[in-house]
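A short write-up of the structure that comes next.
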Amino acid sequence: MSDKPKENKNVTNERKSLNFIHTIVEQDLREGKNSSRIHTRFPPEPNGYLHIGHAKAIQIDFGTAEKYGGKCNLRFDDTNPVKEEVEYIDSIKADIHWLGYDWEEREFYASDYFGRLYDFALDLIKNGLAYVDDQPSEIIAVQKGTPSVPGTVSPYRNRSAGENLDLFQRMNAGEFPEGSRVLRAKIDMASPNMHMRDPVIYRIINHPHHRTGNTWKVYPMYDFAHGQCDYFEGITHSLCTLEFEVHRPLYDWFIDQLMTDEYRPRQIEFNRLNLTYTVMSKRKLLQMVRNGVVKGWDDPRMPTLCGLKRRGYTPDSIKKFINSIGYTKFEALNDFSLLEFAVREDLNKKAPRVMAVLDPLKVVITNYPEGRTEQLETINNPEDPSMGSRNIPFSREVYIERSDFMEDPPKKFFRLGPGTEVRLKSAYIIKCEDYLKDKNGNIIELHCTYDENSRSGADTSGKKVKGTLHWVSVLHAVRSEIRLYDRLFMDPELDGHKERDFMEFINPDSLKVIEGFVEPGLAEAKPFDHYQFQRTGYFNLDPDSSREKLVFNRTVPLRDTWSKKK
RNA sequence: UGACCCGUAGUGUAAUUGGCAACACGUCUGAUUUUGGUUCAGAAGAGUCCAGGUUCGAGCCCUGGCGGGUCAACCA
């Protein structure tokens, strides 16, 4: 026993580097801001499906709350009834749950606060901080100026509070047509920040809202809703992406008008997720769905969460990937291989190994008794002994991968060639004695002999072979559809081509459908079950599968150092 | 031409109060292996956008450039 001072665990923890957001959060915690509460929110607009970029936001929102013992609200940002629909709400909730996060009873909507927002607008008017503008949007746009030229003042800017109040209330009563009038905050038409040049905060929309029906004729703009909702909910840290950076002064301006005590929410912006060979904007994803480039939002080639799920990505792999790329203020372009690394790493631990032959070549083991079938034991996952083992049937004829035989193999080819020996995984060592070709010179069948003393686990042959092949018994094989996916686009940096449409870069071979053979046990697979098809890649069962036909998706191929050498 | 943000190996992130530029992916070796997977060992690759300044000492601070991004929806 030594009484030498041991390292303090907390100090060790502090040594870990934090991302800049958590650095700020910890600073705020130390300073006792907002009574040392941490409360975040994830604010999706219900107008589309969530993609992996949203997962990055979800992870910092829910993850920060989790890490610091706070809460995270789910708040649908539904301020525009024309663009938003109920149907998206359920899919968004399902995707967040799939990732493993929960908002408990705190499911909110910006529309929950329409009344308070309206009252706040009334207050601004009374305080001379908002006015009704009768000009059409084109004129208002012109008066806004440009980033380098200050704006000019609206002729309606100095209406009396009484007149503004009257007009705004009548706007909401439906007395005026859409587009005829807006409510603007009275801030500074000469501000270098365009968002401060008397931003529009309310517009007239004659469209039923999915939650409030026809109660309202005026709807708040994003800038007039978001920060205020944060305030109403007691949010402490409002995390969003970089493009909202210029909105922050406006966010703060409204909070300034709202504050009654020490509490105030703070907006912090981080970089959005960009991936090579991938488009992320809702608009472009929608275009691909509409044009039939993909089969739907959950097409396994899509970067949507439902697409990634169907492709075979796990929530853990996505979280791991997001953690590895971090949160900064630098607009980065992340290499797709990082995402692939993350799934492989996760699935390597979780996915049972199975036999599946994608491009079959028949092998007849000429000295194996006809009509005989053996059950051979094989391990389910060498990375995890607790996953146990199972039996697979072996017989006189098996399929192997066509690429595992070469008539004239190069020197370091460890597979089958005329006269060479190889082990069939979990079975016997076989030797290629002969091969048959069709008229066109294609190899159609191999004749091999096996060494009956070489059975796996009971090998007394003393032979050593370099190669081990996967196989499946012809008699017992289950024919399956296998969908091989490749990247959707052929260019790594799609946004780098300003003058060209992203659709020009679509990869015509992003989906290849083949028929292969899998071991019989796979008939029991359930949709979304993950497997490693030994030596070829990670696959999962697609929900298109039926009792009659199994359909597998290739999540990602195994790392392959051999093919690279060639 | 305006305001704001950002510039660290090929990619993405680190680097205590200024103190030998580190990690992951990728790439390349080699070992092990009944998956050419996994695992293990190792290598190459930046001198931190540029130029000044402060300092004993700067990736960190200051000034000026250069480069990239964002902002001119009654979208979010």
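So you know, we letter chains A, B, ... as the sequences are listed, proteins then strands, and number each from 1.
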Produce the list of close N/O pairs, under 3.5 Å, pairing protein atoms with atoms of nucleotides 9-13 of chain B; give distances to one decimal.
unit_1	atom_1	unit_2	atom_2	d
B/U11	O3'	A/Leu333	O	3.2
B/U11	O2'	A/Leu333	O	3.4
B/G12	OP1	A/Leu333	N	3.3
B/G12	O2'	A/Ile325	O	3.1
B/U13	OP1	A/Asn271	ND2	3.3
B/U13	OP1	A/Thr328	OG1	2.9

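- Contacts between residues 173-191 of chain A and RNA chain B, defined by a heavy-atom separation under 4.0 Å, are made by A/Gly179, A/Val182.
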Dump the pairs, protein N or O against N or O of nucleotides 70-73 of chain B, anything under 3.5 Å, distances to one decimal.
unit_1	atom_1	unit_2	atom_2	d
B/C71	O2'	A/His195	NE2	3.2

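- Between the side chain of A/Arg415 and the base of B/G36 there is at least one donor-acceptor pair of N/O atoms closer than 3.5 Å.
- Across every strand in view, B/C4 sits in a pair with B/G69 that passes the Watson-Crick or G-U test at under 3.5 angstrom.
- B/A76 has no stacking from A/Tyr222 on its base ring, since the centres under 5.5 angstrom apart and planes within 30 degrees of parallel are not both found.
- Both A/Asp78 and A/Pro382 lie close to RNA chain B; mapped to their nearest nucleotides by heavy-atom distance, the more 5′-ward contact belongs to A/Pro382.
- What separates CG of A/Asp495 from P of B/G68 is a distance of 15 Å, to the nearest Å.
- Regarding contacts with the backbone of B/G36, every side-chain N or O of A/Arg559 stays at 4.0 angstrom or more from both OP1 and OP2.
- Under the side-chain hydrogen bond (donor to acceptor under 3.5 Å, both in side chains) criterion, A/Thr152 pairs with no residue, sequence neighbours left out.
- Here the separation of B/G45 from B/G10, taken at their C1' atoms, is 9 Å to the nearest Å.
- A/Arg181 forms a cation-pi arrangement with A/Phe176, by the criterion of a distance under 6.0 Å to the ring centre and an angle within 45° of the ring axis.
- Using a cutoff of 4.0 Å between basic side-chain nitrogens and carboxylate oxygens, A/Glu243 and A/Arg272 are scored as salt-bridged.
- Comparing A/Phe20 and A/His226 by the nucleotide of RNA chain B that holds the closest heavy atom to each, the one mapping nearer the 5' end is A/Phe20.
- For A/Tyr113, the side-chain hydrogen bond (donor to acceptor under 3.5 Å, both in side chains) criterion is met by A/Glu233, not counting sequence neighbours.
- Ion pairing of A/Asp112 with A/Arg75 is absent here, as no side-chain N (NZ or NE/NH1/NH2) approaches a carboxylate O to less than 4.0 Å.
- The same atom, C1', is picked in B/C25 and in B/A14; the two are 15 Å apart, to the nearest Å.
- B/G65 and B/C5 have their P atoms separated by 16 Å, given to the nearest Å.
- B/A58 and B/C20: their C1' atoms are spaced 14 Å apart (whole Å).
- Summarising the base pairing, B/U38 is matched to no nucleotide, lacking a Watson-Crick or G-U wobble pair whose two defining distances lie under 3.5 Å.
- Remark: A/Lys329 fails to qualify as a cation-pi partner of A/Phe270 under the 6.0 Å distance and 45° angle criteria applied to the six-membered ring.
- Taking the side chain of A/Ser148 as heavy atoms from C-beta on, and the options B/U34, B/G37, B/U1, the nearest nucleotide is B/U1.
- For A/Tyr428, the side-chain hydrogen bond (donor to acceptor under 3.5 Å, both in side chains) test picks out A/Glu374, with sequence neighbours left out.
- Between A/Lys320 and A/Asp346, none of the side-chain N atoms (NZ, or NE/NH1/NH2) sits under 4.0 Å from a carboxylate O, so this pair counts as no salt bridge.
- Residue A/Glu269 is classed as having no contact, given no heavy-atom separation below 4.0 Å to the nucleic acid.
- Listed nucleotides: B/C74, B/A76, B/G37. Nearest to the side chain of A/Ser137: B/C74.
- Not counting sequence neighbours, the partners of A/Arg248 by the side-chain contact (heavy atoms from CB on, under 4.5 Å) test are A/Glu245, A/Asp252, A/Gln267, A/Glu269.
- Applying the salt bridge (Lys or Arg N to Asp or Glu O under 4.0 Å) test to A/Glu383 and every residue at least two apart in sequence or in another chain returns nothing.
- Scanning for side-chain contact (heavy atoms from CB on, under 4.5 Å) contacts around A/Asp459 gives A/Arg423, A/Ile429, A/Ser454, A/Ser461, with sequence neighbours left out.
- Annotation: salt bridge (Lys or Arg N to Asp or Glu O under 4.0 Å) contacts of A/Glu31 (sequence neighbours excluded): A/Lys33.
- A/Asp560 pairs by the side-chain hydrogen bond (donor to acceptor under 3.5 Å, both in side chains) definition with A/Ser563, not counting sequence neighbours.
- As the counterpart of B/G64, B/C50 is assigned, both hydrogen-bonding distances of the Watson-Crick or G-U wobble pattern falling under 3.5 Å.
- If you check B/C25 for Watson-Crick or wobble pairing at under 3.5 angstrom, you find it paired to B/G10.
- Side chain A/Arg423 to base B/U34: a donor-acceptor pair is found below 3.5 Å.
- Counting non-hydrogen atoms under 4.0 angstrom, A/Phe341 reaches the backbone sugars and phosphates but no base.
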I'd like a list of close polar pairs between nucleotides 39-43 of chain B and the protein, N/O only, cut-off under 3.5 Å.
none

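- No salt bridge links A/Lys186 with A/Asp133; every basic N to acidic carboxylate O contact stays at or beyond 4.0 Å.
- Distance noted for atom C1' between B/C49 and B/C60: 16 Å (whole Å).
- The backbone N or O of A/Pro177 lies less than 3.5 Å from no partner atom in the side chain of A/Asn206, so there is not a single donor-acceptor pair.
- Figure legend. B/U33 is base-paired to no nucleotide; pairs are counted as Watson-Crick or G-U wobble with both atom distances under 3.5 Å.
- Rounded to whole Å, the separation between the C1' atoms of B/U39 and B/U32 comes to 8 Å.
- Of the side-chain N and O atoms in A/Thr561, one or more sit less than 4.0 angstrom from OP1 or OP2 of B/G37.
- Across all strands shown, A/Pro136 has heavy atoms under 4.0 Å from base atoms, whether or not it also approaches the sugar-phosphate.
- Taking the syn range as angles within 90° of 0, the glycosidic angle of B/G68 is outside it, so the base is anti.
- Under the 6.0 Å distance and 45° angle rule, A/Lys431 does not count as a cation-pi partner of A/Tyr450.
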